[in-house]
Amino acid sequence: MRHLIIGTAGHIDHGKTTLVKALTGIDTDRLKEEKERGISIELGFAFLTLPDGTQAGIVDVPGHERFVKTMLAGVGGMDLVILVIAADEGVMPQTREHLHICQLLQVKRGLVALTKADLVEGEWLEMVRGDIAGVLQGTFLQGCPVVPCSATTGQGLPELLQAIQVQAAAAEPKRTEGILRLPIDRVFTIKGFGTVVTGTLWSGTLRVGDEVAILPADLRSRVRRLQVHGQTVEQTVAGQRTAVNLPGLEVSQIQRGDLLCLPAMLRASEAFDATLTLLPDAPRPLKNRARIRFHLGTSEHLARVVLLDREEFQPGEEAYVHLRLESPAAALPHDRYVIRSYSPSVTIGGGSILDPNPPRERRPRPEMLEHLRILERGSATDRVERHLLAAGFAPITLEALRVRSDLSPAAVAESVQELTRRGAAVLAGSKGESGVLHAERVAQLEKEVLAHLAEFHAKEPLRDGLAKEELRSRLPAQLAPATYGWMLSRLTEAEKIAVERDKVRLVAHRPTLSVAEAELKAKIEAAYRQAGFQPVTPDSLMASLGAERKLFQPVFHRLVDDGLLVRIKEDIFLSRERYDELRERVLHHFQTQSSINVAAMKDLFGVSRKYAIPFLEHLDDARITRRQGDERVPYK
Ligand SMILES: Nc1nc2c(ncn2[C@@H]2O[C@H](COP(=O)(O)OP(=O)(O)O)[C@@H](O)[C@H]2O)c(=O)[nH]1
Ligand SMILES: [Mg+2]
């Protein structure tokens, strides 16, 4: 079944609410004040089943200039608009403003209901038609049906319904498989159920039991009940007016303008990169950093427009801008927005979001304009590539790419394949955790790894390599452990580096010893071999050999790196042979004894407590023994 949203627009008192009532039987003016004053203040909702069975939700908007903000909250999600113009008054200020808003928000289609036709003569009607044609010129409604009608006499209503049917049939359905978004336009409580929010489901499918998030606060709840046009349903799809019962949340925590979506899909931001068109009849040019009212979905924010390539923005111009909001909002690329001047509040322009989560601080640079140009005009593949570049050294999952580019999963996969074929994208990571990196970023990272290693080898020619973690800490901070591991195996496979015992080195690196170093190395080794299980500390050995620290230390490190000396604890080292013997003899001990303690250890190796205790602790760490009170038992 097709679902779509029909909205009204037009100047106050031109008959919007009366027309909706005539078409649907529903009076959308529900507030007492609305009844008393005879004007609409809030959004009104009704529904209509078209002759072909299409279920249409109807959003009736207020026409008073003071409520344009409310009207704006109703326009997002409209598939077609009925621009209501009273035949007796003709085109009025909010007729134009509402038309501008629909144009800026890219409502795709619509028609004009020339209401109150009962009040005018044929000649007058023709004159008004002429005016209307002029106003619609160059807009999405140019050449649309203009249907004279009267809610009072019923004249023209069948023709109007017929024209709505034709437009509705041509409307493009919303994406039910898209990223779930429901901009909230009302919040209230129903006795016995708790908090309910309503809105037009822009895209996706929502089911009872779904976990949902309310942005920007990122409140969480689980959908308990769903209603569409007053009927309880199990699921609702894009294009339906939807009421959602959210247990565990208070009415005071949610407000019009919040966005209901699935958890962890969208991220609210206080900055957007966007295109902006200033209306030709905007009253004055827009200065850099001008404070404006920013309308997105059902929300309104105060914001500043940062101009990137000009000092002043003239009416009628279009440009790329950076928007800085005073409160966070969540958007997707291609979302349309409207701006109104701060005071007086009049609609002055609008545009399309290009990047919903750009870095906050930005100074205009030529590359940036190019970046935005590609985000706006580029092919799907070009846009995906921009997102990869912007993501730096953090691999992006296909899911995240989908949200950032607002493409279908298939289109994202295709773009990534294309980029991989071209050598521009690299699949990083493994087993489910995989993401995509831009090849340039990978190359940059490889260059850094190799440069750090080369530098280390130059400084410490006798050392085997740089400790893995040490190397990681010298790389860009955002590098996740998984990405780092992936990076190292990639360089190992390419035979550029080797990783041995947690040390990373360039494959080409071969530590070489001078004659003096080789001699000292032999002396240290011999000293440790002779010392058995009670060796001296490195410092006292250095003193007794009369060696200089500058010479002694690198050689000593080298012996440890090579595994010829094993560090037990602090400055207790054993030669490799003694160390192997230590392990063997303890294991042998366990063949006849069930445990070992410090005293037994002292006897076994003929050492003092000063050595026996660190030995046992080391064996615990190596999972050869396990401590049980004062005894050690075999680890397993
Ligand atoms: N004569 C006549 N009066 C109408 C017609 N439609 C609406 N009205 C009257 O115009 C006034 C404003 O109508 P309303 O629907 O509240 O206008 P809205 O502000 O556009 O929603 C009300 O007093 C209606 O009764 C019509 O077709 N013919
Ligand atoms: Mg009204």
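Counting starts at 1 for both ligands and their atoms, following the listed order. We count residues from 1, following the sequence as given.
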Do any nitrogen or oxygen atoms of C149 come within less than 3.5 Å of a nitrogen or oxygen of ligand 1?
no
Short list, please: which atoms of ligand 1 are under 4.0 Å from a heavy atom of T18?
6 (N), 7 (C), 13 (O), 14 (P), 15 (O), 24 (C)
Closest protein heavy atom to atom 16 (O) of ligand 1, given as residue, atom name and distance to 0.1 Å
G38 O, 4.0 Å
Under 3.5 Å, is there a donor-acceptor pair linking the side chains of D60 and T8?
yes
Check this for me: does any side-chain nitrogen of one of D210 and R222 sit under 4.0 Å from a carboxylate oxygen of the other?
no
Need the ligand 1 atom indices (1-based, order shown) with element for anything under 4.0 Å from a heavy-atom of D118.
1 (N), 2 (C), 26 (C), 27 (O), 28 (N)
Heavy-atom closest pair (L50 atom, A168 atom, distance to 0.1 Å) is CD1-CB, 3.5 Å
Got an N/O contact under 3.5 Å between H14 and ligand 1?
yes
Of the protein's non-hydrogen atoms, which lies at the shortest distance from atom 17 (O) of ligand 1, and what is that distance?
G15 N, 3.0 Å
Cationic N near anionic O, under 4.0 Å, D13 to K116
no
So, the side chain of R336 versus the backbone of L105: is there a donor-acceptor pair under 3.5 Å, distance only?
no
Could you tell me which atoms of ligand 1, counted from 1 in the order shown, lie closer than 4.0 angstrom to a heavy atom of T152?
1 (N), 2 (C), 3 (N), 4 (C), 5 (C), 26 (C), 27 (O), 28 (N)
Could you tell me whether some N/O pair between I12 and ligand 1 is separated by less than 3.5 angstrom?
no
For K174 and G77, the nearest pair of non-hydrogen atoms, with its separation, is NZ-O, 2.7 Å
For V84, state whether at least one heavy atom is located under 4.0 Å from any atom of ligand 1.
no
Ion pair check, R340 and E97, cut-off under 4.0 Å:
yes
Pull out every atom of ligand 1 sitting under 4.0 Å from any heavy atom of L119, numbered as shown with elements.
1 (N)
Using 2.8 Å as a strict upper limit, say whether an N, O or S atom of S40 approaches the Mg ion (ligand 2) that closely.
yes
In terms of side-chain geometry, is the basic nitrogen of D258 or R256 positioned less than 4.0 Å from the acidic oxygen of its partner?
no
Is ligand 1 less than 4.0 angstrom away from at least one heavy atom of D13?
yes
Heavy atoms of the protein only: does one fall short of 4.0 Å from atom 28 (N) of ligand 1?
yes
Quick check on the Mg ion (ligand 2): does T8 put an N/O/S atom closer than 2.8 Å to it?
no
Using 30° and 60° as the class boundaries, would you call the ring planes of F47 and H229 parallel, tilted or perpendicular?
parallel
Please check whether D60 reaches ligand 1 - meaning an N/O of the residue sits under 3.5 Å from an N/O of the ligand, judged on distance alone.
no
Less than 4.5 Å apart, any side-chain heavy atom of V306 and any of L323?
no
